[in-house]
Every structure is written in structure tokens, then in C-alpha cells.
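Worksheet: one structure, shown below.
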Amino acid sequence: MEEEMRCIPCDDNCVSCDEHECYWCETDLFLSEGSCVSVCPDGFYGDEDTNDCEECHTDCVTCSGPEADECLTCEEGKTLENEECVSDHEVCPIKTYRSDDGGCYDCHPSCESCSGEEKNECTTCAKGRFLTTQRTCVSKCPGGFFASRLSGVCEACPAGCLQCVDAQHCTRCQSTRKAPLFLQDGQCVQQCVRGYAAGQVCRRCAAGCASCMRNATHCLSCEEPLLLHKHQCVEECPPQHTVRDGECQHCPSACQECNPLGQCTGCEEYHVLHEGQCVPDCPESFFEDNELRECLRCHPDCALCDGPNNNDCDVCVDPEATLHNGACLPACPSHTYRDAITGECQDCDPSCLTCYGAHAGSCTSCREDHRLEGHGHCVSSANKCSTRQYADQDGECHPCHKYCHRCSGPGKSHCLSCNQRHLLLSYYEDESGQKCEPCHPSCQSCVGKHSHECLACKTHLFREGKECVETCQHSHYGNTDSRTCEKCDPSCGECNGGGEDGCLSCALGLIYLRKEGRCLPSCPQGYYHDAAHRTCEPCHATCRACSEAGGRCLLCCRYEEEEEEDGDDASTQQQDCCNCTETRGECVLSTNLAFRNEAEEEYEGNLVVFIIASILLVVALVVVVFLIRRSRSKSTPPDIAPRGYEKLGSGGYGGGGGRHGGYSSSSASHSGRASSSGGRFQESQLVDIGERRLGSKDDDDDDDEDEDIVYMGQDGTVYRKFRYGQLGDDNEDELEYDDESYTFR
């Protein structure tokens with residue numbers, strides 16, 4: 001009994017079954033007579049909903065569904081037509097189709113075969129034509145399709161293609177303003193890869209460019225290991241640049257070198273490194289290390305210093321402290337006193353142990369072997385001479401020079417110290433107080449041999465702190481009146497005077513206006529910023545404002561970029577730039593009204609007036625010439641005499657015949673103008689048998705004899721052409737010509 005209750009697995013691919021058959025199959029399989037099959041047997045089709053093999057229509061051997069028009073193959077004696085099985089005697093011949101009335105009619109000439117209600121519902125096409133989705137046969141497929149010679153059908157192009165040669169190669173893309181597509185390597189893409197868009201086509205970037213824009217050399221990124229610098233791919237960045245994210249980034253202002261974070265690591269001349277920036281001077285509590293060219297922190301006792309130690313202070317942090325040899329002390333040591341003005345500990349006179357002032361008469365105590373005399377002087381205990389005396393070799397006392405406060409001998413002018421308002425020139429008293437030692441070469445007067453112990457400087461030098469220098473340090477200038485080094489205006493980097501108009505270079509972030517010697521945050525009107533030299537340079541005289549293109553009113557045109565851009569953008573740029581190849585900057589396009597100034601407008605106005613005046617002057621001259629010529633033609637009419645023809649006698653020209661009374665047409669009618677042999681003649685029928693009578697060239701007033709011309713008619717009759725008119729009538733309009741011929745009877 002236990003054996004009969006065992007679970008036995010179903011057949012492969014069967015989900016549910018009993019010992020006899022399967023009831024439910026796995027996905028993609030169909031249940032057929034208790035078994036799971038991938039393809040149903042003939043006469044059945046796979047129902048995707050039930051996963052069962054269902055029977056076909058009785059007309060079908062195999063089918064795709066239960067209906068009569070879903071057959072795939074037919075039994076013998078029947079033919080598949082439009083997925084239906086019809087008897088062979090019902091099938092129409094090739095290139096015909098069966099209509100609703102059961103008749104067979106010719107397909108459209110473009111069809112190889114057809115079926116349906118109309119003759120142009122093709123199923124296959126004739127050679128050279130291709131079947132469309134509308135079941136028509138065409139020689140050229142519509143947009144978005146290509147002619148497949150393998151299938152004879154117009155097949156769809158890849159997505160986004162407007163035209164293509166096959167399923168893999170587009171020749172034109174479907175593009176709209178909202179969703180532009182670009183053709184690249186036979187594919188339609190939304191963005192060019194390693195190329196730039198020129199119209200609707202992607203063109204490749206220059207070698208080394210990973211991406212570009214507008215043209216092949218305007219790189220946006222570079223292939224490794226190249227670096228991007230000003231839209232060009234370079235092997236290494238130029239000086240004063242650092243690499244950040246594959247691109248050369250310019251270091252901050254005044255940096256000679258910097259790190260990828262934009263922090264300076266080296267500075268230009270006249271600048272020093274401070275906390276990653278290059279500054280012209282170290283701030284308070286810092287000093288400049290000349291070897292490292294870096295600002296280092298002062299000792300905590302120092303507010304200002306020139307070194308790192310506690311004895312390098314220039315100013316103390318504690319205002320009550322006293323400064324002695326660079327150290328900040330609570331009180332001045334012996335041999336020194338506190339200067340009430342500077343707060344520094346100054347040396348006492350060498351004769352004093354302690355004192356309250358610098359001169360020899362301000363001692364409050366004396367060294368060993370010295371004694372304090374009246375008026376605060378310390379003298380040698382062995383020296384019996386008074387303060388203003390000296391002992392000679394014999395020990396006798398002699399008075400000092402009148403300007404000496406103290407002297408040592410061997411002469412009265414060998415002063416150790418001077419009276420008030422006098423200085424010991426270029427010398428100082430040694431520690432023994434017995435002789436004078438020369439000052440440092442830079443000192444005019446001094447209290448010691450070192451350069452920082454000067455009391456006054458030589459004429460050509462300036463006092464800087466405790467020293468005498470020929471040139472003041474950066475951001476300071478030599479005041480020729482006080483002969484001291486004084487600080488420049490805060491706007492100046494270097495200067496030659498204390499005002500804001502005495503700058504020679506500028507502090508960080510300011511621009512130098514050379515003409516006025518001032519440093520400004522931006523250039524004034526009529527100047528442009530020369531970024532390379534950090535100066536304001538004057539624009540051309542025709543410009544009210546200008547850019548960096550060498551003082552031109554506008555930037556130079558960049559024709560290579562304009563050719564790649566659309567026409568509208570190019571025309572806009574053309575209005576906003578100068579043709580720098582043909583001008584020197586003076587010629588500015590007049591279409592850009594923003595840069596037109598009063599000088600240009602005045603010049604153009606004068607030019608228009610000049611052109612109009614010139615045109616009016618020419619018109620006036622033409623009118624005057626016309627009137628003069630017309631006046632002359634009326635006052636001196638041409639000498640036109642009336643002409644006619646005169647028949648000559650048989651005696652020849654100039655013989656007895658003479659002139660027959662100057663025949664007119666009216667006189668000819670009275671004399672019976674007719675002839676049996678003559679008749680009329682045309683002037684073209686006359687033969688010239690004579691020449692004009694030759695007369696004197698000076699005889700222009702002869703009675704028209706030079707106008708008489710002799711002719712002979714074809715019948716031999718001789719004529720002379722002459723002018724005639726009515727006697728006493730000078731009206732030129734009444735002149736006539738007599739061209740008739742006459743003969744003698």
C-alpha cells in the first residue's frame with residue numbers, strides 16, 4: 001500500500017501529469033495527445049493562449065490558426081491562394097487575379113503576380129521593380145525604404161534613415177529642429193563621435209582630437225597622451241600652464257609655475273610666493289626669503305621682520321616692547337637707551353655705560369676706568385684734562401677745536417664727537433673712545449662700521465630702514481627731497497613718486513594706463529586691455545571703443561569658421577568684424593552702428609555732400625554747352641543754296657548753250673516740258689562728266705560756282721545741277737530741287 005502512494009516524476013518538459021498522460025507543459029511547448037511538443041503535428045496549430053495543439057480548418061493540411069484563410073499548406077488538388085486552399089479548377093492563370101465575380105483579369109503590367117480586388121494589388125513584381133507596403137510595384141522605393149534585389153521588396157531603412165542603400169548603410173537622415181540626426185559612417189546618430197557636424201553630416205576631427213566643434217581643428221578634447229590647449233592638441237603645455245583633466249589651464253596671475261589645483265609654485269620677477277599665490281610684497285608677520293623667493297612667517301614677537309629669528313624684528317607685536325638689534329625686549333640693555341620716537345634701543349655714546357640720549361653728555365653712568373663729570377660726560381680716570389681738552393704726548397692738556405665736543409689728539413681737530421648741529425663726517429668713535437674709525441662707504445655719518453649703522457647717507461643714496469641704498473626695494477621709491485625710501489601708492493607695483501599717478505607697474509589685478517601713470521581696474525573709454533602686457537593701450541583715432549585686435553574697432557574676421565557655420569550666423573559675424581587682410585584697422589564696417597563715432601558720421605556726411613555737388617556741377621556744364629551750341633546754330637545757319645539741273649547745249653560744257661533761264665518746275669510746264677526721246681530721269685542715272693569748277697580757296701563768296709556739277713544722261717544729254725529759288729525770297733524752306741531731264745529738238 002505504501003508503494004502505491006509514491007511520487008513519480010513527470011516526463012521531461014511536463015509540469016503536471018498523472019501516470020498516463022501530461023496535462024500541462026512548460027513554456028514554449030504545446031500539449032498534444034498527452035505529450036509536450038515544440039511543433040504541433042499536421043492538421044493542428046499551437047494555440048499561444050492555452051499552449052494546446054488545436055485542430056486546423058478542414059481545408060488545411062497545416063495552418064497558423066483555426067480559420068479557412070490561415071492555411072499554410074493544402075492537400076492534393078488544391079492550391080494555396082491568399083492563405084486559403086482552393087480547388088485547382090478555381091485558380092486563375094499567371095499574371096491574372098480572381099475578382100469578386102469569379103472572373104480572372106490581368107494584373108497591372110508592373111506586377112509579376114497579383115491577388116485581391118484590384119489589378120494593382122501585386123504579390124510579386126516584374127524584373128526591375130520592387131514591391132511596396134501598399135502592394136504596388138515601383139522602380140524606385142519611397143523615402144525610408146531601399147530596393148532589396150534579393151527579395152524584390154522595398155525594405156525599411158534603419159531607424160532615422162531618410163535614404164539608404166541597404167539595411168546597414170544610410171545616405172541621408174531624418175532630422176528635425178527638435179530632434180536633429182547626423183550621418184556618420186552610414187549611420188544616423190544624435191551626436192557626432194570624434195567628429196563635428198557640418199550640416200547634417202559628421203566630418204572627422206583632425207588627428208589627435210577626440211572631439212571637435214565647428215571645424216576639424218577646433219578640438220574639445222584630445223586622445224591620450226595629448227593635452228588640450230586653446231582647442232589644439234599638444235604634447236606638453238606651454239610655460240605658465242598646468243594640466244587639469246587633460247587640458248592646459250593657465251596659471252593664476254604672476255605665476256611662473258603652478259600645480260593642477262591652480263596654486264602657484266613659482267613666481268614671475270618682482271613677485272614672491274605666499275600661500276599658493278604670487279604677491280608683490282609679503283603681508284604683515286611674513287618676510288621674503290630671497291633664496292626660496294617665498295614669504296615665511298616672522299617670529300611671534302615680530303609684527304614686521306626681515307628674517308625668521310627673534311632678533312630679525314623691524315616692528316614689535318607688543319607696543320610697550322623696545323626694539324634692540326632686531327629683538328623685542330621689555331627694556332633696553334646697558335649701553336643703550338629707548339628712542340622715544342621709534343621705540344628702538346639706540347646705542348649710548350661709547351663713553352657711557354648707561355645713558356638717556358645719544359650724545360656724550362647724556363651719560364648716567366660710566367664704564368670702568370672712567371668717571372662721570374658734570375654735564376653727563378664720562379672721562380678716563382687717568383685723563384686729567386677736561387671734556388673739551390686733549391692730552392698731548394707729554395700729558396699736557398690742550399683745548400679741542402671749537403666744533404669738537406670731545407677730541408683725542410694728537411691735534412685739536414681730531415674730534416671724537418661734535419657739538420650740536422655738527423656731525424663727525426664719515427667717521428665714528430671707536431669703543432675705546434680714543435680714535436675715529438671710517439664709516440661704511442654708503443654712510444655720510446654713522447655710529448659704527450656696518451651699513452645699517454648710518455646716521456646720514458651719501459648724496460646719491462637713499463635711506464632705507466637702517467641702510468643706505470642706491471635703488472629702493474620693490475613697491476618703494478626714492479624721495480629726492482628727504483633722501484629716504486618711501487612706499488608707493490597701494491595701486492602701484494613699482495613707482496617713481498608717491499601719488500597714484502606715479503606708477504611704473506601695477507599691483508595684482510590692476511591694469512597700467514601708461515599715458516597717465518595710473519593703475520586702474522579696467523581701461524577707460526578709447527583704450528583697450530593688452531592682456532599680454534597688462535596695460536591699457538589707445539584705440540585707433542576712429543574708434544570710440546575697441547577690442548584687443550591691435551586697437552581695431554572690431555575683431556578680425558575668421559573666415560575658416562564662417563564657412564563652416566550656417567549662412568545666418570556667418571552674415572552676423574561678417575557685420576561684426578574687420579577685414580584685417582585689406583585694412584589697417586581704420587576701416588570699420590558701417591553696419592555695426594554701435595561702434596560708429598562722431599568723426600565717422602561727419603566724414604560720411606561730407607562725402608555725400610561732395611558727391612551731390614559734383615553731379616550738379618556736371619549737369620550744369622552739359623546744359624551750358626548745349627545752350628551755346630544751339631545759339632551758334634541759330635545765328636550762323638549753313639549756306640545751303642537751292643539746286644536744280646540745267647541742260648547744256650550741244651556746244652559742250654561752257655559753250656554757247658548757256659543756262660536756260662534757271663528752269664523751275666513751273667516754268668517747265670509753260671515751255672511744254674515733254675520729249676519724245678527724253679522723258680524723266682533719276683539722278684542715279686546721271687554720269688559725272690565734269691568736276692567742280694576750281695576757284696580760289698580764298699574766294700568763298702563767289703556766286704555758287706563751286707556748287708555747279710555737270711552730269712550726262714544715258715541718252716547723251718548733258719545737265720548741270722544748280723540751286724535756284726524764287727527771286728527776292730530768302731526763305732530757306734521754299735527751296736526746291738529740279739531733277740527732271742530735258743532734250744533739244
* Asked: How are the rings of H474 and Y270 set relative to one another: parallel (under 30°), tilted (30 to 60°) or perpendicular (over 60°)?
  -> parallel

* To do: Give a yes/no on whether the SG-to-SG distance for C282 versus C295 is below 2.5 Å.
  => yes

* To do: Name all residues meeting the side chain to side chain contact (heavy atoms under 4.5 Å, CB included) criterion together with P330; count only those two or more places apart in sequence or in a different chain, and write none if there are none.
  => none

* Could you check if a side-chain atom of C328 sits within less than 4.5 angstrom of a side-chain atom of C313, using non-hydrogen atoms only? => yes

* **ring pair (Phe, Tyr, Trp, His ring centres under 6.0 Å) partners of H299, counting only residues at least two apart** => none

* Using only the SG atoms, establish whether C506 and C519 come within less than 2.5 Å of one another. => yes

* Hey, is the main chain of C454 close enough, under 3.5 Å, to the side chain of R463 for a donor-acceptor pair? -> yes

* Asked: Hey, mind stepping through C363 and C355 against disulfide (SG to SG under 2.5 Å) and telling me if it holds?
  -> CA-CA 4 Å; C363 298; C355 64; over 6 Å; no

* Asked: Would you call C267 and Q256 a side-chain contact if the rule is heavy atoms closer than 4.5 Å?
  -> no

* To do: State, to 0.1 Å, how close C278 and L508 come at their nearest heavy-atom pair, and which atoms those are.
  => O-CD2, 4.0 Å

* To do: State, to 0.1 Å, how close C298 and F287 come at their nearest heavy-atom pair, and which atoms those are.
  => SG-N, 4.1 Å

* Structure fact -> Heavy atoms of T265 and C258 approach each other most closely as OG1-N, 3.5 Å

* To do: Give the C-alpha distance, both sets of side-chain angles, the deciding distance and a yes or no for disulfide (SG to SG under 2.5 Å) between C302 and C316.
  => CA-CA 5 Å; C302 307; C316 297; over 6 Å; no

* With a 6.0 Å cut-off on ring centres, are H218 and Y196 close enough? -> no

* Between C488 and C503, does the SG-SG distance stay under 2.5 Å? -> no

* Asked: Taking C468 and C457, which are both Cys, do their SG atoms fall under 2.5 Å of each other?
  -> yes

* Does the N259 side chain pair with the main chain of L261, one donor and one acceptor, at a distance under 3.5 Å? -> yes

* **Other residues, nucleotides, ligands: >12 heavy atoms within 6.0 Å of K230 NZ** => no

* With sequence neighbours excluded, residues passing side chain to side chain contact (heavy atoms under 4.5 Å, CB included) with R244 -> Q249

* Asked: Of the non-hydrogen atoms in C352 and C378, which two are nearest, and what is the gap between them?
  -> CA-SG, 4.3 Å

* **R518: side chain to side chain donor-acceptor pair (under 3.5 Å) partners, not counting sequence neighbours** => E516

* **Close side-chain approach of Y527 to K515, heavy-atom, < 4.5 Å** => yes

* Asked: Can you name the ring pair (Phe, Tyr, Trp, His ring centres under 6.0 Å) partners of H250, sequence neighbours left out?
  -> H241

* Please report the closest heavy-atom contact between C264 and L273, naming both atoms and the distance. => O-CD1, 3.3 Å

* Does H324 reach the side chain of P333, with side-chain heavy atoms less than 4.5 Å apart? -> yes

* Considering all heavy atoms, the nearest T322-C332 contact -> OG1-N, 3.7 Å

* So do H231 and L220 actually touch side chain to side chain, heavy atoms under 4.5 Å? -> yes

* May I ask you to decide if the ring planes of Y403 and H401 are parallel, tilted or perpendicular, using 30° and 60° as cut-offs? => tilted

* **Residue list, side chain to side chain contact (heavy atoms under 4.5 Å, CB included) with T535, at least two apart or on another chain** => Y512, R514, D530, H533, E537

* Asked: Hey, is the main chain of T217 close enough, under 3.5 Å, to the side chain of Q232 for a donor-acceptor pair?
  -> yes

